[in-house]
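A short worksheet on the structure shown next.
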There are 2 protein chains.
Amino acid sequence: MSQTLLSGDARLPIYQRLADVLRAEVVEGRLRPGDRVPSESELCERYGLALGTVRKGLEILVAEGLFERFHGRGTFVRRPKFDSSLFRFFRFRGTAGAVTVPEGRILRRTTETVPGFIAKALAVPEGSEGISMSRIRLCDGEPVLAEEIWLPLPRFADFLSLEIGKVGDLLYPVYDAECQQLVARAEEQLTAERASEATARLLRIEPGTPVIVIDRLARGYDGTPLEWRRSRGRADQFCYQIEIR
Amino acid sequence: MSQTLLSGDARLPIYQRLADVLRAEVVEGRLRPGDRVPSESELCERYGLALGTVRKGLEILVAEGLFERFHGRGTFVRRPKFDSSLFRFFRFRGTAGAVTVPEGRILRRTTETVPGFIAKALAVPEGSEGISMSRIRLCDGEPVLAEEIWLPLPRFADFLSLEIGKVGDLLYPVYDAECQQLVARAEEQLTAERASEATARLLRIEPGTPVIVIDRLARGYDGTPLEWRRSRGRADQFCYQIEIR
DNA sequence: GAGTGGTCTAGACCACCGG
DNA sequence: CGGTGGTCTAGACCACTCG
C-alpha cells in the first residue's frame, strides 16, 4: 500500500514526497542542470511505487520548471537560462524575430558597503561589504540597458580575482564556473522613471526621457539571494507582454 | 480500448479530445462561469472512459484556468475576474495589502470611426464604427489610471442605450449582462512614456512625468476580440512583479 | 532491440462536502 | 449518508530515441 522508502511528512501524498526528495537532490547539488534523472522504472523500483505515482511526482517538477522530459530519451534537470527571457521583453528594430543575447560590458567593479535596501534584498547584514558593478548592454553596438549589479561577499569573493575584460556577455555561467553559485530563478519588478544624467549618458538619450526600470533578485535552487540587479532601458524600445485570465 | 464516443482528430490522445469537447461547451455557452461540470464518474460513463483518462482531461482545463475543482463538491467553470488582477500590479500607499477595486467613472461615450491600429486589434474592418470611451479610475478619490476604451459595433450596440452614470466600477459584468459578451481572457502590453497635457490633467500630475502605458485586448472564450483598452498610470505608483525561471 | 516516456484501463480505498 | 474529487496500485500496449 502506502508503504514506501520515502522520507518526509507521512501526511503528504507519496507523489508529493517523491517530488520533494528529487527537488532536494537538485537543491543540494547531487543533480545538476543537464543531468539525467533516474528513469520512471528505476524510481518505481527504488521507492517501491507504482508507475502512476512516480509519474505524478515527476510532473510536479516539470510544472515547476525544474525538470524537462523527452519521449524516448529520459527526464533531465532543466538548465535555466533567462538572459533570453529578459530580452524577449524588448522589441529591437534591427533583429526582428531572432532572440540574440546583447553584448555585455562591465564598466566598473568595486568593493563597497551594500546599501540598506539592497542588503535587505540580498539577506546580508546591514553595513556588510559587497561587490558593486556597473555594466552596459548593447545590441548592434547601440546601448539598450544600463545595469547596476550587487553581489554579496564573501560568497562571491572569487569573482574579484577575475579579469574584468574576460567576462563574457552572460554573468550567470561565470557565477557558476568561478564561484560555484548556480542561479535557478529570479524575481523582477518593473517601473518607470525619468532618465538621470548618468543613465542618459550611458543610454545616449536626453536626460528626463522615460526609462523602464527593472529590479531583479536572482536566487539559487535553495532560494538564497545571490545577485541584486537594477537595469534601465529606453522606454521606446521596451515592451512587455502578458496574458491574463 | 481506445473506443470512445469522443469526436475530434483520432490521432490526438483521448484525454486531449475530452478537454477539447469540454472547452467547446464553455466557448459555445452551454457551460457558463459558475456552472458545475459533470462529475468524473458521469463523464466516464458518458464517453466510456477510465477514470484516469477523464481526470487527465479535466486537469488540462484546470491548468488552463478554465475549470476549478473542489474536493467533495465538484468541478466548476471558473469565473474570470481580472480587474483585481490588473490592480495587483499597482502598489497603493493607503490601502496596504487588501486588493480593492478602484472607483471607475466614465467621462465620455461617443460613436466614432475606429482608428486603424485599433480596428486591426479588434479584427473589425478598417473604417468601421465603434464605441469610444474615456474613463478615469480613482483610489480614495485620487486618480490612478486614465483609460481609453474602444468597443466594436454592432456587437456592443446595446451598450449605447445604458445610462452612463449607472455603470458601476467594473465593465466586464456589464458587457455580460447587457450585451451578452463574456470576457474570458486578455493580453496586456506594457511600456512607458511622458504624460501628455491631457493625461497629466486627468492624473493630476505635471506634463512630461513618466507614465506607464498598458494596452489591453480582451477576448471571449472563443478568442474573439471584444474590447481594446489603453490605460495610463503614474509610474511612481506602478510596480509590476514577475517570477522567472 | 533495449530502454525511455506516453496513453489507457480497471479497480481499490480514502477524505471531504452537503443535505 | 451518498456523491464528489484525491490517492494509489498493477499491468497493458504504444511511440520515440539511440546505438
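So you know, we letter chains A, B, ... as the sequences are listed, proteins then strands, and number each from 1.
The distance from atom CG of B:L51 to atom C1' of C:dA12 is 11 Å, rounded to the nearest whole Å. What separates CD of A:E45 from C1' of D:dA10 is a distance of 15 Å, to the nearest Å. D:dC8 atom P lies 14 Å from atom CG of A:L58, rounded to whole Å. Atoms CD (B:E40) and P (C:dA10) sit 16 Å apart, rounded to a whole Å. In this structure, the CD atom of B:E42 is 12 Å from the P atom of D:dG3, given to the nearest Å. Between the P atom of D:dT7 and the CG atom of A:L18 lies a distance of 14 Å, rounded to the nearest Å. Atom CD of A:E68 and atom P of C:dT4 are 18 Å apart (whole Å). The interatomic distance linking A:R11 (CZ) with C:dC14 (C1') rounds to 17 Å, in whole Å.
A close approach under 4.0 Å does not occur between any side-chain nitrogen or oxygen of A:K56 and OP1 or OP2 of D:dC8. Listed pair A:R69 / C:dG6 meets the phosphate criterion, a side-chain N or O lying under 4.0 Å from OP1 or OP2. Contact between the side-chain N/O atoms of A:T75 and the OP1/OP2 oxygens of C:dG5 is found at a separation under 4.0 Å. For C:dT9, the OP1/OP2 oxygens have a side-chain nitrogen or oxygen of B:T53 closer than 4.0 Å. B:S41 has no side-chain polar atom (N or O) that falls below the 4.0 Å cut-off from OP1 or OP2 of D:dG3. One finds no side-chain N or O of A:S39 lying less than 4.0 angstrom from the OP1 or OP2 phosphate oxygen of C:dG3.
Under the ring-ring contact (aromatic ring centres under 6.0 Å, His included) criterion, B:Y175 pairs with B:F156, B:F159, B:Y172, not counting sequence neighbours. Checked against side chain to side chain donor-acceptor pair (under 3.5 Å), A:R32 has the following partners two or more places apart in sequence or in another chain: A:D176. Contacts of A:R30 classified as salt bridge (charged side-chain N to carboxylate O under 4.0 Å, His left out), with partners at least two apart in sequence or in another chain: A:E25, A:E28. In this structure A:R73 satisfies the side-chain contact (heavy atoms from CB on, under 4.5 Å) test together with A:F70, A:F76, sequence neighbours excluded.
Mapping A:A50 and B:R36 onto DNA chain D via the closest heavy atom, the residue that lands nearer the 5' end is B:R36.
Distances from the side chain of A:R55 to the nucleotides D:dG5, C:dA12, C:dG6 place C:dG6 closest. Among the nucleotides C:dG6, C:dT7, D:dC8, the one closest to the side chain of B:Y15 is C:dT7.
With respect to A:R135, the salt bridge (charged side-chain N to carboxylate O under 4.0 Å, His left out) criterion is satisfied by exactly one of A:E103, A:E227, A:E147: A:E147.
Salt bridge absent: B:R79 and B:E68 never bring a charged side-chain N and a carboxylate O closer than 4.0 Å.
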Polar atoms only, N or O, under 3.5 Å: list the protein pairs with nucleotides 15-19 of chain C and their distances.
from	atom 1	to	atom 2	distance (Å)
C:dA15	N3	B:H71	NE2	2.8

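Residue pairs meeting the side chain to side chain donor-acceptor pair (under 3.5 Å) criterion with at least one partner in residues 51-63 of chain A, sequence neighbours excluded, are A:E40-A:R55.
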